[in-house]
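First up is the structure itself, then whatever we jot down about it.
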2 protein chains.
Amino acid sequence: MELRRADIIAKEIEERIFDGSYADGERLDEVRLARHFGVSRTPLREALQRLALSGLVELVPRRGAFVRQPGPVELVEMFEVMAELEVVCGRLAARRISEAALAELRDANARCQAAVDACDPDSYYSANARFHQIIYRESGNSFLEAETRALHRRLEPFRRRQLRLRGRMAQSMSEHEAIVEALERGDAEEAAEALRRHVAVQGEKFLNLMLSLRRAAE
Amino acid sequence: MELRRADIIAKEIEERIFDGSYADGERLDEVRLARHFGVSRTPLREALQRLALSGLVELVPRRGAFVRQPGPVELVEMFEVMAELEVVCGRLAARRISEAALAELRDANARCQAAVDACDPDSYYSANARFHQIIYRESGNSFLEAETRALHRRLEPFRRRQLRLRGRMAQSMSEHEAIVEALERGDAEEAAEALRRHVAVQGEKFLNLMLSLRRAAE
DNA sequence: CACGACGATCTTGTATACAAGATGGTTGAC
DNA sequence: GTCAACCATCTTGTATACAAGATCGTCGTG
């Protein structure tokens with residue numbers, strides 16, 4: 001047995017929550033899940049604890065674990081925080097970014113463009129994620145980087161839905177270019193604002209998000 | 001038997017890590033701790049998992065749990081993020097704060113002043129914490145509030161050390177007043193900047209922080 | 001004398017057994 | 001007929017037992 005099983009199980013359940021296999025409010029039966037994963041309740045409970053800490057399930061004492069999908073309000077709040085974290089990363093990165101990292105950004109952007117041309121949302125998503133994570137890293141603050149990545153990851157399933165909307169990928173691309181430009185110039189405020197515009201969920205984007213939520217709820 | 005014991009144990013161990021009873025890198029022996037708390041290894045392991053998620057201990061598979069005090073670099077990073085979160089809270093609060101909350105802030109500030117006059121760092125600390133938490137709440141973003149409070153709590157022991165320094169309380173007070181003023185005027189940028197100045201760790205504050213770390217390490 | 005391999009022992013990871021609280025249905029009284 | 005209390009059952013929380021990997025000392029060899 002090479003690794004801790006609880007990690008694997010937690011990730012698996014997380015995946016199921018993300019992709020909607022487990023509905024909001026659903027109780028996660030320990031013995032059922034334990035049987036399903038072929039383990040005892042001990043490592044499974046560890047996995048549930050872990051998920052509870054990330055906020056994906058709610059652990060009610062003596063009652064069990066319940067899936068806790070963020071509601072519309074909480075989602076908007078999380079996106080707002082995400083935007084602000086990106087802004088902070090961008091502002092710091094504008095001052096601290098290296099020439100090599102700028103090249104990496106341009107490369108990531110090129111891959112984004114290729115994905116847009118190929119109309120491939122999945123590879124666009126991964127190239128886009130790389131783009132952003134370079135900026136997190138170049139903030140020069142590992143703690144900030146870790147926190148930002150964690151939230152990014154948590155919002156991943158919702159972002160992904162948004163991307164499938166018409167024209168979103170192309171728009172996203174041009175925003176990327178504005179960000180890179182600002183970072184090249186070392187213009188912290190412009191980088192910050194470009195990122196804020198890029199990430200913020202507001203107006204029609206907000207509406208779209210809510211609609212996709214409705215769809216996912218069925 | 002009333003509540004989940006793992007919570008209580010986790011909090012207890014957390015306290016010990018915070019106050020330095022457990023040194024950095026120290027291994028936390030499961031059976032020893034279990035005996036100490038009068039429980040079996042099962043709830044104790046749950047507690048360790050929890051602490052691992054908060055970053056207070058490192059869980060090395062098949063090796064055990066090790067206390068992981070943040071080093072100087074990580075601490076500075078955490079304070080930088082803390083400052084940015086406060087800034088975000090302040091900026092949002094400036095737009096969203098209610099008249100009642102402003103009154104609460106003035107009240108908290110009065111308590112701070114009373115603590116300064118009485119030279120009572122402990123009650124200053126709690127009044128100060130209340131002051132800041134009102135701002136987090138008035139950001140109108142529960143998720144942001146929760147995240148900010150979590151980091152605030154994690155940095156508490158280090159903040160507390162800083163407060164004992166000469167003149168820090170009085171200076172802190174005047175900064176509070178500037179913050180309240182900006183919030184009253186609804187001046188988001190000024191509130192943000194006032195908070196940044198208030199929370200940022202830089203210059204001699206940085207030095208002091210490092211020194212207090214040294215002291216704690218012994 | 002130094003280095004490496006082997007094994008005893010200890011510690012963690014997992015499974016199972018047991019205890020205690022929660023749920024839901026049934027029964028009885030009003 | 002309705003409401004409430006009680007009991008059976010189920011589920012979680014905790015303890016203990018067992019398995020597997022890691023540490024460290026010892027012994028043997030070069």
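Sequence lines set the chain letters: A, B, ... in the order given, protein chains first and strands last, and positions in each chain run from 1.
Straight-line distance from the CZ atom of A:R41 to the P atom of D:dC10: 15 Å, rounded to whole Å. The distance from atom CD of A:E46 to atom P of D:dG13 is 14 Å, rounded to the nearest whole Å. Between B:R35 atom CZ and D:dA15 atom P the separation is 14 Å, expressed in whole Å. In this structure, B:Q49 atom CD and C:dG13 atom C1' are separated by 10 Å, rounded to whole Å. Here C:dT23 presents its C1' atom at 14 Å from CG of A:D29, a figure rounded to the nearest Å. Taking atom CG of B:D7 as the reference point, atom C1' of D:dG13 lies 12 Å away to the nearest angstrom. For the pair A:L28 CG and D:dG13 P, the computed distance is 13 Å after rounding to whole Å. Counting to the nearest Å, the C1' atom of D:dG13 and the CG atom of A:L48 are 13 Å from each other.
Among the heavy atoms of the strands lying under 4.0 Å from A:R63 are primed sugar atoms or P, OP1, OP2 only; no base atom is included. Here A:R32 lies out of heavy-atom contact (under 4.0 Å) with every strand. Among the protein residues, A:R45 comes within range of the nucleic acid bases, having at least one heavy atom under 4.0 Å from a base atom.
Each of B:V31 and B:T42 lies near DNA chain C, and the nucleotide nearest B:V31 is the one positioned closer to the 5' end.
Here D:dT12 is the nucleotide among D:dG13, C:dT14, D:dT12 with the atom lying nearest to any side-chain atom of A:R27. Comparing C:dG21, C:dT12, D:dT14 by their nearest atom to the side chain of A:R62 picks out C:dG21.
A salt bridge links B:E104 with B:R137: at least one charged nitrogen is closer than 4.0 Å to a carboxylate oxygen. A salt bridge links A:R106 to A:E99: at least one charged side-chain nitrogen sits closer than 4.0 Å to a carboxylate oxygen. Under the 4.0 Å criterion applied to side-chain N and carboxylate O atoms, A:E74 and A:R68 are assigned as salt-bridge partners. Using a 4.0 Å cut-off between charged nitrogen and carboxylate oxygen, A:R45 and A:E30 count as a salt-bridge pair. Ion pairing between B:R91 and A:E84 holds under the 4.0 Å rule for side-chain N and carboxylate O.
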